[in-house]
Every structure is written in C-alpha cells, then in structure tokens.
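For reference, the structure discussed in these notes is given below.
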Amino acid sequence: MKQYMNENFKHFLHGGDYSPEQWINTPEVWDEDMRLMKLANCNEMSVGIFSWAKLEPAEGVYDFSFLDTILDKIYAAGGRVFLATPSGARPHWMADAHPEVLRVNERGERMHFGVRHNHCYTSPYYREKVAQINGKLSERYGSHPAVIGWHISNEYGGRCYCPLCQEAFRGWLKKKYDNNIDKLNFQWWTTFWSHTYNSFDQVEAPSPIGDTFSGLELDWKRFISDQTADFLRAEAAAVRKYSDLPVTTNFMFHYTGLNYNVLAKEIDFISWDSYPEWHHPGELSDAEMAAKHALTHDAFRALKKKPFFLMESAPSHVNWHDVNKLKRPGVHRLASLQAVAHGSDSVQYFQWRKSRGSNEKFHGAVVDHLGNENTRVFREVSALGQTLKDIEEVLGTVPNPRVALIMDVENKWALDLAQGFQKNEKKYSTTCQQFYNWFWRHAIDIDVIDAHRDLGGYDLVVAPMLYMTPRETIEILEKYVREGGTLIGGYMLGMVNENDLCYLGGFPGEELKEVFGVWNEEIDTLYPTERNAIQCNKCGDEFAVADYCERIHPAEGTEVMAVYRDDFYAGEPAVVKNRYGKGTTYYLATRDIGGEESFKARLLARVCGELGIKSNLASYTEGVTAHSRIDDENGIRYLFVENYTPKDAEVDMGVEAIDVETRERVSGKFTLPAYSVRIFRQMM
Ligand code: GLA
Ligand code: ZN
C-alpha cells in the first residue's frame, strides 16, 4: 500500500531550508523568492530553523510578524512549509541570563555563547523555553494551510557534561540497574583496577581527566541517545498539543553519536541530510561515493520501512568539504533521484538562497548572490522539479528488499572501544560497506538494519563483525535461521553481551555456536600490510585475506568451504557452512579483500542464486546500478536505473518497460548516458 507523509499533500516535495528572517529589511527579496520558487518548480520551504532571536527578541517578548507574512506568501504562491522549532540555535540573551543552557565539555569547562547545536539537553530552563516557543508556534500555525509538517530542531547531536546531565545520567543508571550498585559493578566489571563503586553518587561521565572503560562509555552513549530522544519527545509533545501534523527531525550521514533507532520512535517520518563528496580523485570513485550514500538511504528508510525525506542536499556544492567542487552537469539530477530511488518522497536543499554574510554565504543554493534564475544551478533545479512532477505516480511506494545487512551502531561503539585486535581501527563501517557494495553493484535491493529487528521476511541476512550480541540478538538470529533463513556471519561474532562482558564457554557466544556450527579458539591479528590467503575446497582458487584470521573448529557435520593457505594454521578451516533447523549459515573466519574477485563476491553470488534473489538488471556494468520501489496494490515495480560513471553505458533490464517521465516504451536494452538516471514502470 502506498504510504504518504501527509494525506493532504500527495506530491513529491521539492524545496528546502529558507531563511527569510535574514532579509527582513528587504521584503522585495521575499516577493522575488516567491516568483523564483514557482519558476524552480519548488513546492516546499523549511522555515524558522534558526529564527529564535527574531521570534523572541527578549525573554517573553514574541514577534511572529515575519512568519505570519511569509507563510501566507508561500501558500499564495502554491507552496507548503515544514515549520521548524528553533531549538537548534538559541538567542544571546538566553545564554547570558541562564548559563545552564550552555554545554559543558568532557573536561568540565562551560562553553561560551556561540555557534549552534550546543545546548544542554537536560536544563529544565531550556526545556521550558523550548516547550513555550514550540507551543506558541503550534497554536499559531498548527492549522495554517501552508504547514504540512514539523521540522523539530536541527541535526541533534553532541553531548553535555554539566552537573545537571551528570545527575540525569546517575538517575538513568539507577533505573537500568534497579537502584542496585552491585548490579552495575558486575556488568561494568569494576573489580578490575579496584574501580568498585560504593554508590551511584560516585559515578561520573567518562572523561579524559577521569575514568574511561567500555561499560561506562557504552551506558553513557546510551544515556546521550535516550536523553536526546527525551528532549525530542518533549519538543514533539509541545507541537502536538495544538497540531496533529506529522513530525520529523533531520538525521545526519554516518553520525554515530546517537542511536537513531531510539530517536526514530519519537517521530512520524524519517528525514536526513545528504552531502556526497562527488568527483574526488584519489578518494572514492563516484560509484563508490554513490554506494556509500545509498547505504545510508537504505538504513534511514529501513528505520520505518516507509518513504523517508531527503531534508537537505546541496544544489551545487557545500562550503565545508576540504575542497568544494562543483557537481558536474547531470549529477544534481542523478544524486537527487538516487534518494528517490531508495524511497525518498522529497528532494530538499540546503539552501534556498545564499546568505549575504557570515559562515555559509559560499554554500551552494538554488538562488545565488546574483539573485535571479539565470544560472546553471537554477536551471538544473528547475528541471529536476519538473521531473518530480512527471514521476508523481511513484510517490508513496517503497522498496521491499529480501536481503538485510545488519549494521548496528551499538556494535560499532563497542568495537571502537575494544582494546585489542587492531586497536585503533577495527574497520567495522568499512567492512559493512564492502558487503553492501556487492549488492549495490549487482543492483539488488537491500535494507540496512540494527541488531534488534525481527528478521522474518528476509531471505538473506548478512551480519559482519557482529561482536556485540545481547541476549535478544542471539535469540533473533537463532530463530531466524531455525525457521529457514540464511545468515552470513564471521570473525568476532558474538563475543560480548550488551555491556561488553565476554561470553564464557567459547565464541561465538551461547547458541550461536550451534547455529554456525563453529567454535572460534583464537584470533590472529595481522599487521595492516600483511596478507594470508584462503583456498576454496571445491575449485582450488585462492583469495587474499587480511587483518583477522580466526582459528576455528567446525562442529561435526559442518562443511568446510575454504582453508588457510599460509602460516602455522595453514590447512585449517577459514570458511564453513552449516545447516541449523530449516536454515543455513556461513561463517567467514577471516577478512577477505578485493571487490568482484573476492571470495565474498563469489559466495554472495552463489547464495543469492540458490535463494532466487535476483538483480534488478540482466547485465552487469561497473558503476551502473538499479533500485526498485514497489506499488504492490497495482502490481507495479518502478525501476530507477542509475549510471554513476562519466561514460555512457549499455544496460539490459531483461524486460520491456515504460519510461515514466517520457511515457516512451523501451525494450530491455538501451544506452544510459554518463551520469544519468532513467525511471521505468514494469508490471510485476
Ligand atoms: C547541515 C545543517 C544546515 C547547513 C548545512 C550545510 O546539514 O543542517 O543548517 O549548515 O549543513 O551543508
Ligand atoms: Zn547539560
């Protein structure tokens, strides 16, 4: 079934962050913005994100006049608004009169007034002021016809170590450990180095001038997520008081300071800000860059399994990369429709109009300092807006992948904290990305999920380096395989519980040994440039491996697929396959390297073949991929075929289809120009 963010406005949103308050003394600019908004085929503006100092110029003195005017103007011009709550940046007077709103760093120093995104999430005064202004905005605009949703704050993140936050942390711990300090001491293993706490009052947040160890660090990170989610809940409650419009907050690319699974529960729809670094020679190819952002699209979509929103992207370039290069012609359309291909129901920008001064005046925008429509960027934006109108039938549909990749943020925290292996860089994200890239290259739709999600509905699940397996995760994995699922895991699997206490009795912990039919006796960590190899038992081919080689013992009946070639464990098993219940598992005891030539690539191709998991394309071309969105009610599959290379590509979809934009009927085979995308309708 199609799912809409707002039933009263069933259109792709095209627009972005708009700061009319910066032009309050030149209202003719506002009128020009309205003219340009229509010309740019835009229908949405995100307003009020950093407007607090204008809306409440002095404590308790409110002035909504500019918002009144601008919302009416936008509506009159056919646009709609995501109305923001202004908590992302507070007014000066507030910090001066109430320093408790200012953050304290991990060394205990209170920050001065400045920049943004730096408030204390605990301060009762800040929470009260936020609730007041949110309530007023909601009361005044909650049923304004222009407003279609709430944009809560902006890019929540960071931590505060003030006394209020420290006290809240202790309260959080008391709740988690049933007010029993012995329970905490056990889970944090504080007998080590005589760190035993006598009472909760002694607990302090981790600090470079205080204590740091994984149990404490992990709970502190969880507390930060919970406290931020609690702040978000309070913000959302204040706007929901007078309004039943849907609520979101904008998430960030690869931001691991928060567990977004926790925040997602507080909002009605997911949105995020995507700024790929295109055309970066020597770094990633454009295709690799696309795959990196594709993974994040798939992770954010999978949070709610419904369309998400691309809340910000750069119409041309940003100002905060080391080198702020222009997107090559066509790339704007391609990158924007990439988001749509993965399930976004919007293309929104930071920013509508370039500021005249201060930090972001050289950040790309739809409207440049020139001030009119006569720019390449404006024309590309406008053309994209037309495309979004032309493909409106895709709105509300969602991909429905049969494959999932488990990439779990708490697992990343724990691995990063683990003192051992390659101490400073375990390469968890890179490893997940490498598995993901295989599916991306082969145009297979995939969800990216955390380790607490029910896996029913997936035919194949890949869980690399899943070091932290809380009891719940062990049960989820066990049940999934027992009931017939196929699960790929490997080195470092199931070593610790949620508090980083090692499982006793051999790794992987508890039932996972039976599920994978393997016991991991020890891990050989290689120096970064060292290599070993594994040899396939069936075909005899060899594949390079690096970083980690576990010495594993297969259980009886477990099939050995490959063995190590070198070192004192040459000939010992390196990859095994096991049957458990109705399902199958594969355990890769070592990190194989290389793209299409790797052992992993062969294994994934074989497993997908056996499970009938098919590519969206009938032919493979480097840098070309395809993603689908499903309209199950009408039996339609929308296929986005994407070329991220500077060369034209020969593509084969295997079936005839209709180009949604041009209505042209195309046979399966066609030439896809460099840096371009086409969208097709296929009957399922
Ligand atoms: C973030 C912020 C925006 C803006 C952009 C610039 O995403 O949310 O306010 O600063 O970055 O790229
Ligand atoms: Zn604080």
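Note that ligands are numbered from 1 as they come in the structure, with each ligand's atoms numbered from 1 the same way. Computed from a prediction, not measured in an experiment: that's the story for all the values here.
Residues that satisfy the salt bridge (charged side-chain N to carboxylate O under 4.0 Å, His left out) test with Asp345, not counting sequence neighbours, are Arg629. Legend: residues meeting salt bridge (charged side-chain N to carboxylate O under 4.0 Å, His left out) with Asp68, ordered by chain and number and at least two apart, are Arg140.
Between Phe350 and Tyr275, the distance separating the two ring centers is not shorter than 6.0 angstrom. Taking the centre of each ring, His151 and Phe309 stay at or above the 6.0 Å mark. Residues His297 and Trp272 bring their aromatic ring centres within 6.0 Å.
For a distance threshold of 2.8 Å, the protein N, O or S atoms nearer than that to the Zn ion (ligand 2), listed by chain and number, are Cys120 SG, Cys160 SG, Cys162 SG, Cys165 SG.
Listed by chain and number, Phe50, Arg116, Asn154, Glu155, Asp273, Tyr275, Glu312, Trp320, Phe350, Glu360, His363 each place a non-hydrogen atom less than 4.0 angstrom from ligand 1.
The neighbour count for Arg222 CZ, taken as heavy atoms of other residues, nucleotides or ligands under 6.0 Å away, is above 12. No more than 12 heavy atoms of other residues, nucleotides or ligands shown are found within 6.0 angstrom of NZ on Lys241.
The pair Lys292-Glu283 fails the salt-bridge criterion, with no side-chain N (NZ, NE, NH1 or NH2) lying under 4.0 Å from an Asp/Glu carboxylate O. Electrostatic pairing of Glu56 and Lys129 counts as a salt bridge here, judged by a charged N lying under 4.0 Å from a carboxylate O.
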